[in-house]
Structure formats: structure tokens, C-alpha cells
2 protein chains.
Amino acid sequence: MVKGANNPRDEASGRSLRADAKRNRDKLLAAADGMFSERGADASLDDIARRAKVGIGTLYRHFPTREALLAAACDERLLALAKKSRMRQASMAPGDALRAFLEDVVRHASMYRGLATSFGIVLQNGSPGCHATTEVGLELLEHAQRAGQIRRDVEFEDVVCIATAISLAASQSPARRTRRMVAMFIDGLRGAGVDDRARLSQEIEK
Amino acid sequence: MVKGANNPRDEASGRSLRADAKRNRDKLLAAADGMFSERGADASLDDIARRAKVGIGTLYRHFPTREALLAAACDERLLALAKKSRMRQASMAPGDALRAFLEDVVRHASMYRGLATSFGIVLQNGSPGCHATTEVGLELLEHAQRAGQIRRDVEFEDVVCIATAISLAASQSPARRTRRMVAMFIDGLRGAGVDDRARLSQEIEK
DNA sequence: ACCTGAACACCGTTCAAGT
DNA sequence: ACCTGAACACCGTTCAAGT
């Protein structure tokens, strides 16, 4: 339980919330998670407010954009993902830990049906879970690179792109394809043989 | 000019169209292409009908879904893509021709802003352009595989997934990343060294 | 056979009024 | 300081009436 993540603060301002406001925020979060789970990431905001028994204006006050609401609703699960990934860092080979992380992120990017489309924006939201996930991911990547298991020229942004990309593609095609795509991508990140390497860097740079 | 592709037939039924219906269809197509180009793939269908000076019902009669309209609007450009790719088949090494094809498809999947999201569905639409593109792509893949430049276990569906995935990711991030991602993916498809290959097939199957 | 557009059921967002 | 919900401006889709 990371208690600090649940304190009564408004995302944008960081100010403390009045008791009733905090209550409303929690009700909105619960309602949003339920609604997003049942009907996907493009569920009606009106319905969410109604389920939370709160005026629609209150929803907008707490979460000015749909992405802000999505990020807040995802937050706990992203924190859990970060924690799990950090533990793997100790027990697995660096390259394998990165692949496991990539698979997890792909899964989470489709936590709600249709979430993948905006997952990139959601991750930039700066909520605790987003921050933690980004941090572990970066560590895992650097670790794998120092171990020589992943190309040096891969940036963390590439990994995020790849994850959302696979997730987006996977949501439109049978599940078995996901695993294939992760494996293929990791293979690409791993780097080609000695002969290929020089030609490849030429291909990549300009 | 492939004249056969422009004949006055309704996509679904295949029956010939009355002269005024054919005229309306063409006006809708022109209006749709303009509107999609200006405002993206989620442009208002009402606006398109209005620009075509046609009742909204007429739009629905000709194109029952938004994807059908998108596919029809894309069709000429997809035919051109297929033709260009077929020409490269003669003049380039099989692996390079496939990469060029992949880059083209990625570009076309974002022909209109926001198109990538539904590009998979659009490609399954069966219009002449979609059909031609699928056909060349399949040939290019098999050709590259026979030449030993691409793994045998890659299916054409994978290539489509990859293309839309990259396109989707690219639309949310700087342009220079696209090229990197294509290169990395192709690297993945190419296959790892001899030692890696056995482990990788294990990873992929189940 | 085809076209038209009013009618319907939705949706997101704002903001004046209330506590 | 925060909440409420009516009001506004949209959107996709259908279908009875018209040619």
C-alpha cells in the first residue's frame, strides 16, 4: 500500500481537498473504473458522473480531460506494474526483464478496451503510477544495454512507442499475435549480427 | 489509369448504378477525400454530404459505414501504391523491396490524420485498391522468404499489424521515429543468429 | 430505384445559480 | 470552495415521404 499516492490532492493544483471534494473524487474514480472496464475507454462521461451520483460539472472540475480521468483510474494498477517490474530486475537476466516489462506494458495499454489509442498521452500525465512506470522502464533499458543485450541506440521513447503500437495492433487482431510481435520487436532491439550492424545504423540514421 | 476500377458499380451489390446515382457517388468521393484530408478520418459525415450537395441518406446508401467510405476514398492511392511496389519487385533485392513496401504502407495508413486507427478494417474492405495492395504485399513477403532474407514463420498478417502499429505510434510522436521503428521491425523479421533462432521460436510458439 | 431531410437519440462542455 | 444541472452546440443514424 503506497499511502502517499491516495492523499486528497487535486492533480493539477496539488492543493489539499475539502472532505466532500475528496469523497466525490473517490466516487468518480470508482465509477470511472467500472464504466471504462465495462464499456471501454470511450465510455460516456455523463454516465460516469451519473453512476458516481455527482453532477457532470464536478467530473470536469476534478478531471479536466478524459485522459486525466483515464490516468487517475489506471494509477493503482500502474503502480503495481512498476513494483512487479522492479522485483524482476533482481531475479531475471536484464534482457528478459525488459521483455517481461514490455509485455506487461502492452497488456496495460489495453487495460480498458480502446485505451491504447491514447495510452501515450495518458503516460505523459505525470500521475504517480505513470511516473513510477516510466522510471522502472528506463532503468530496465539501461541495465539491459550495459549488459550488452540491447542496442545502445535504443531510447526509452522507442520502447513506449513499441508498446503502444503493439497494443494498438493487438487489439484489432487475435491474441496470439501479441506474443509474436513482442518477440519480433525485442529481436529487433537486440541488434543484428556483426555484418548487419553497420548497414543497419546507416539505415536508421537518415 | 485502371478504368475497370472506376466503373459505376455499388461496392456491396455489384449491380450497375443509375446515371444520377453514379454522379452522386463521385461527388461524395471527391467531397470525402477533401474533408478527410482537411479534418482527418473522423470528419463529420454530415459535412461531407453537405459539401457533396447530397442528402445525408444518400451518403449512407452508398457507403453504409465510415470505413467503407474511407476505403473508397483511399482506393486510387492504394492502387498506385500496389503498382509502385510491383515495379520495385524487379529492380530491388527482395528484403529491401519488402522494407520499401512496409514504409509505403506505414505512410498510407496515415494518409488522413487518424486513419491508422481503422486502417486494418479498411484494408479488409475488399475494394480494388485494398485487394491489389494485399496481393503485392504477399508476393513481396514470399519472395523475400524464398531468398532467405526474412524468417519463414512470418505471416502477411504480421506485416499488416506491424505497419498499422508503426503508423499509429508514429502519429503520436516525431517523424524521425518512424524510420527507426521500421528498421527495427525489419531487423526483427530478418531473424536472429543461429544460436538465437531456436530459443526465439520457442518464445514465439506458446 | 434512388434521393431527401426532418426526427430521434445521443454526446461533450460550459456556466449561472446555489450551498 | 465546491457542487449542480440546464443549456448549447454538436454528432450519427433512421425512415417516411417524395421523384
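Throughout, protein chains are lettered first and strands after them, A, B, ... in sequence-line order, and every chain is numbered starting at 1.
- Between Glu142(B) and Arg152(B) there is no salt bridge, since no side-chain nitrogen of the basic residue lies less than 4.0 Å from a carboxylate oxygen of the acidic one.
- Leu28(A) has its CG atom 13 Å from the C1' atom of dC2(D), to the nearest Å.
- For the side-chain hydrogen bond (donor to acceptor under 3.5 Å, both in side chains) test, no residue two or more places apart in sequence or in another chain qualifies with Arg146(A).
- For residues 31-56 of chain A, every residue pair satisfying the ring pair (Phe, Tyr, Trp, His ring centres under 6.0 Å) rule, not counting sequence neighbours, is listed here: Phe36(A)-Tyr112(A).
- Side-chain contact check for Asp75(B) versus Leu29(B): every heavy-atom pair is 4.5 Å or farther apart.
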Review point. Which nucleotides of nucleotides 3-15 of chain C have their base under 4.0 Å from a protein heavy atom (B), which only their sugar-phosphate (S), and which neither (-), written as one string 5' to 3'?
Key: SBBB----SBBB-

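- Arg88(A) and Asp104(A) are joined by a salt bridge, as a carboxylate oxygen and a charged side-chain nitrogen come within less than 4.0 angstrom of each other.
- With respect to Arg39(B) and Asp47(B), a salt bridge is recorded, a charged nitrogen being found less than 4.0 Å from a carboxylate O.
- Sequence neighbours left out, not one pair with a member in residues 64-92 of chain B passes ring pair (Phe, Tyr, Trp, His ring centres under 6.0 Å).
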Exercise for review: For DNA chain C, just give me the dot-bracket, please: Watson-Crick or G-U, both distances below 3.5 Å, ( ) intra-strand, [ ] crossing earlier pairs, | paired with another strand, . unpaired.
Suggested key: ||.|||||...|||||.||

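- Partners of Asp20(A) according to the salt bridge (charged side-chain N to carboxylate O under 4.0 Å, His left out) rule, which considers only residues two or more places apart in sequence or in another chain, are Arg18(A).
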